Amino acid sequence: LSAAACGLAGPAAELPPEEVEALGLKIQRMRDLLFDLLFLEEPQPVQASRWQRWFGRQDAAATERRRRQVVQELVDGIDIHSGLEAAIASCEAALAKLREA
């Protein structure tokens, strides 16, 4: 990160090692949250109504479309324009919503 900053703004942009480490940890946290949101967390299955149980369940394709729609709505709500802390907070909120859903 420090080398990239120097490449963009010159040697005057060198960052203290503590800031680089803290920034690296935040980036890792954000990456882990996004991974969990996109690949590990599953929305709770929708309970089938009595009619669906009697006359057939929802097909797997419809269930998968609904899951993708829920995840896409949550990802669209992640704030990546207000800084890394805001992005992490909004990603944590999206994960919490997904776990509640």
Side-chain angles (χ1 to χ4, degrees):
L1 293 175
S2 185
C6 288
L8 291 173
E14 192 161 326
L15 301 171
E18 300 83 26
E19 283 186 42
V20 173
E21 183 177 346
L23 188 57
L25 291 173
K26 289 178 186 176
I27 291 170
Q28 180 66 36
R29 174 73 178 142
M30 182 67 188
R31 188 180 73 84
D32 291 345
L33 287 168
L34 287 172
F35 182 85
D36 289 349
L37 182 64
L38 295 174
F39 299 110
L40 297 182
E41 291 297 326
E42 293 287 328
Q44 295 298 322
V46 176
Q47 292 293 332
S49 71
R50 183 175 300 179
W51 290 101
Q52 289 170 331
R53 287 191 302 268
W54 286 348
F55 297 109
R57 297 203 164 245
Q58 290 181 335
D59 61 301
T63 303
E64 179 61 19
R65 279 193 304 273
R66 177 66 185 136
R67 186 193 75 78
R68 287 178 189 231
Q69 180 184 6
V70 167
V71 171
Q72 186 61 47
E73 289 170 3
L74 293 172
V75 169
D76 289 344
I78 295 174
D79 179 13
I80 59 170
H81 301 290
S82 300
L84 192 53
E85 288 85 8
I88 290 171
S90 64
C91 201
E92 287 172 339
L95 267 174
K97 282 183 185 178
L98 185 62
R99 290 175 179 150
E100 291 171 3

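Predicted model, so just to flag it, every value in this text is computed and none were measured.
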Heavy atoms only: give me the nearest E92-L33 pair and the separation to one decimal. CG-CD1, 3.6 Å
CZ/R99 to CG/L37 distance, rounded to the nearest 0.5 angstrom? 9.5 Å
For Q69, run the side-chain contact (heavy atoms from CB on, under 4.5 Å) check against R65, Q72, E73 and tell me which one passes. E73
Looking at CD1 of I78 and CG of L95, how far apart are the two atoms once the value is rounded to the nearest 0.5 Å? 8.0 Å
Which heavy atom in I88 sits nearest to a heavy atom in K26, and how many Å separate them? CD1-O, 3.5 Å
Side-chain donor-acceptor pairs of residues 15-25 under 3.5 Å, sequence neighbours excluded:
none

Looking at SG of C91 and CG of L38, how far apart are the two atoms once the value is rounded to the nearest 0.5 Å? 8.0 Å
Determine the minimum heavy-atom distance between S90 and A87, stating which atoms define it. OG-O, 3.1 Å
